[in-house]
Number of protein chains: 2
Amino acid sequence: MKRIADSTVRRLSIYLRFLEEFEGRGLATVSSDELARRGGTTSAQVRKDLSFFGSFGKRGLGYSVPELATALREILGLGREWRVVIVGAGKIGAALAQYRGFKQRGFTIVAAYDTNPDKVGGRLDGIEIRDIARLERDVAADHPDIAVLAIPAEGAQAVLDRLVYAGIKAVLNFAPMSLHAPSDVTVKTVNMAMELEGLSFALTNRE
Amino acid sequence: MKRIADSTVRRLSIYLRFLEEFEGRGLATVSSDELARRGGTTSAQVRKDLSFFGSFGKRGLGYSVPELATALREILGLGREWRVVIVGAGKIGAALAQYRGFKQRGFTIVAAYDTNPDKVGGRLDGIEIRDIARLERDVAADHPDIAVLAIPAEGAQAVLDRLVYAGIKAVLNFAPMSLHAPSDVTVKTVNMAMELEGLSFALTNRE
DNA sequence: ACATGTGAACTGCTTCACAGCG
DNA sequence: CGCTGTGAAGCAGTTCACATGT
C-alpha cells in the first residue's frame with residue numbers, strides 16, 4: 001500500500017468521531033463539506049483523504065453515514081481488540097487506566113507495571129500492577145499489541161529497548177523524551193512540556 | 001516576524017531539552033550533528049531551524065551550550081512565568097496538577113475549576129479547586145495566560161467559548177474533540193484516542 | 001443540478017550542497 | 001580543515017478545478 005501521511009490518519013480519526021455522533025443521531029448521509037466544516041479542514045481534503053482507500057461516496061449525494069463509519073473503522077484497524085500494557089503506575093498511568101475512551105474503542109488494558117514494591121500487587125482501576133522485572137516474560141507470553149510508557153524521562157529509553165526486544169511493535173510514550181526505536185516499531189510521543197512551550201512561543205511571538 | 005512552522009517550534013523544544021542535559025553535564029559546545037542525532041533529525045534541519053532566529057554558532061566549532069540554551073529559552077518565551085488554570089479536576093486534571101514539569105519550566109498553576117460541588121473548595125496537589133461558575137470573573141481579574149481543558153468532550157467547546165470570551169489566548173485541550181476558536185487564540189489538542197488509533201492503523205497496515 | 005473523485009498546480013517543509021568563516 | 005549558514009533543489013501535503021456519475 002501507498003504510504004499514508006500521519007496527518008491523514010489523524011484526520012480519519014476525527015471524521016470517524018463525527019460519523020459516530022451522526023450515527024447516534026440517526027443521520028443517513030453526510031457530505032465532505034459537512035465533515036470538513038466540523039473538522040476544521042476543507043472538503044477537498046476530506047475527499048482526498050478518503051480517496052487513498054477507495055470510493056465511499058455517491059456523486060451528487062454524499063456519504064452514507066453508517067457505511068463510511070464502517071469503512072473508517074476497518075481502515076483504522078478498529079474491528080478487533082487491541083491488548084495494551086501500561087508501564088508506570090504513577091498519576092499518568094492511573095489517569096490512563098481509568099480513561100473510558102480506551103475500552104470504548106477496543107483497547108483493553110491487560111496489565112500495568114511498576115518498579116515500586118508498594119504498588120506491585122495492587123490494582124489500578126481493577127488492573128493488576130505487576131513487577132516490571134516480569135515485563136519481558138509477560139510480553140513474550142501474552143503478546144500484547146501496544147505498550148503505553150508512563151514513566152519518567154530517565155528510564156524511558158531503557159524500558160522501550162526492553163519492550164522492543166520482547167517484541168512490542170507499537171508504543172505510546174508519555175515520557176518527555178525523544179525515543180529511538182527500529183523502523184518496524186511505531187512510537188507516538190505525547191509531550192505536554194512541548195505543547196506548553198508551543199503555547200509559550202505563540203503567546204510570545206504574535207504581532 | 002516570518003511565520004514559523006509548528007514542526008520547527010516542536011524541534012526547538014527538543015533541542016532545548018538536550019542542551020539542558022548538556023548544561024548539567026558541563027559540556028561547553030555542541031554541533032548541529034550531535035543535536036540532530038539525539039533528536040532524530042538531520043544536522044541541516046537543526047541549522048535551518050535555528051537560522052530563522054539568528055546565527056548562534058561558530059563555524060568550525062559548533063554552538064556554545066549555555067548560549068544556545070539561553071537563546072532558545074528566549075525564543076520560546078520561557079524567560080518569564082506563565083500563569084495556568086486547569087479546568088476539570090478529574091483524573092487528568094489531577095495528573096497535570098502534580099506534574100513537576102510545569103513548575104520546572106516556568107508554568108505556574110494558579111487555580112483549578114470543576115462543576116462537582118464535592119470537589120469545589122478542596123485542593124489538587126495544593127491548588128485550590130474553585131467553582132467553574134467563577135471562571136469568567138476570575139479570568140478577568142487574574143489574567144492567567146494559559147488554560148488547560150481537562151474535561152469530557154461534551155462540554156469542551158462551551159467552556160472554550162467562555163474562556164475565549166474572558167480573554168484567554170492559549171489553550172491546551174485534553175478533551176477528545178476538535179475545537180474551534182478565533183485565530184488569535186492558540187489551541188493545542190492532545191488526543192490520546194487519536195494517537196491510539198494511529199497505532200492501530202500502523203499495526204494494521206504494515207507490509 | 002449536485003457532490004464526489006482526481007490529476008494538476010501550488011505551497012511549504014525538508015534535504016542538498018557548498019560558500020563562508022573561524 | 002571543520003562546521004555553520006543558506007540559497008537552490010527536491011519532495012510531500014494541500015488546494016484547485018473540473019470531468020464524472022447519479
Side-chain angles (χ1 to χ4, degrees), chain A residues 1-15 18-19 22 27-69 71-72 75 178 183 194 198 201, chain B residues 1-15 18-19 22 27-72 75 178 183 194 198 201 205:
Chain A
M1 184 195 286
K2 199 168 164 296
R3 166 146 173 61
I4 301 297
D6 228 64
S7 47
T8 294
V9 178
R10 287 232 291 288
R11 283 191 298 269
L12 294 180
S13 278
I14 296 176
Y15 305 153
F18 293 134
L19 287 165
F22 295 156
L27 297 181
T29 62
V30 66
S31 66
S32 57
D33 195 60
E34 176 71 13
L35 283 172
R37 207 148 357 94
R38 296 282 203 124
T41 180
T42 66
S43 61
Q45 183 73 78
V46 172
R47 295 196 301 275
K48 182 66 86 179
D49 286 339
L50 296 176
S51 76
F52 294 127
F53 303 96
S55 299
F56 305 103
K58 291 193 184 16
R59 289 162 199 257
L61 197 80
Y63 302 88
S64 151
V65 168
E67 275 175 30
L68 186 56
L72 286 182
I75 291 163
S178 303
S183 63
M194 198 180 291
F201 178 82
Chain B
M1 182 197 284
K2 198 170 164 300
R3 166 148 174 64
I4 302 298
D6 226 66
S7 48
T8 294
V9 178
R10 286 233 291 288
R11 283 192 299 269
L12 294 179
S13 276
I14 295 176
Y15 305 154
F18 293 134
L19 287 165
F22 295 156
L27 299 180
T29 62
V30 67
S31 65
S32 56
D33 195 60
E34 176 73 12
L35 283 172
R37 208 148 356 94
R38 294 283 203 122
T41 180
T42 67
S43 62
Q45 182 73 78
V46 172
R47 296 197 299 277
K48 182 66 86 182
D49 287 339
L50 297 174
S51 77
F52 294 127
F53 303 96
S55 298
F56 306 102
K58 290 191 185 15
R59 287 160 200 260
L61 197 80
Y63 302 87
S64 152
V65 168
E67 275 175 31
L68 186 56
T70 300
L72 286 182
I75 291 164
S178 303
S183 63
M194 200 180 293
F201 178 82
N205 306 17

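Convention: sequence-line order gives letters A, B, ...; per-chain numbering from 1.
- Between chain B and DNA chain C, the heavy-atom contact criterion of under 4.0 Å yields a 5' to 3' nucleotide range of dC13(C) to dG22(C).
- Remark: Phe22(B) CZ to Tyr63(B) OH distance equals 13.5 Å, nearest 0.5 Å.
- The side-chain hydrogen bond (donor to acceptor under 3.5 Å, both in side chains) with Arg47(B) is formed by just one residue from the set Ser32(B), Ser55(B), Ser31(B); it is Ser32(B).
- Put simply, CZ on Phe52(B) and CD1 on Ile75(B) are 11.5 Å apart, with the number rounded to the nearest 0.5 Å.
- Considering every non-hydrogen atom in both Ala36(A) and Ser43(A), the closest pair reads CB-N, 3.4 Å.
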- Message: Protein within reach of the bases, or only the backbone? For nucleotides 4-13 of chain D, mark each nucleotide 5' to 3' as B, S or -, using heavy atoms under 4.0 Å.
- Response: BBBBB----S
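- Taking 4.5 Å as the limit, some side-chain heavy atom of Phe18(B) sits within range of a side-chain heavy atom of Ser178(A).
- Separation of atoms OG1 (Thr8(A)) and CZ (Phe201(B)) is listed at 8.5 Å; rounding is to 0.5 Å.
- Between the CD atom in Glu34(B) and the OG1 atom in Thr29(B) there is a gap of 10.0 Å [rounded to 0.5 Å].
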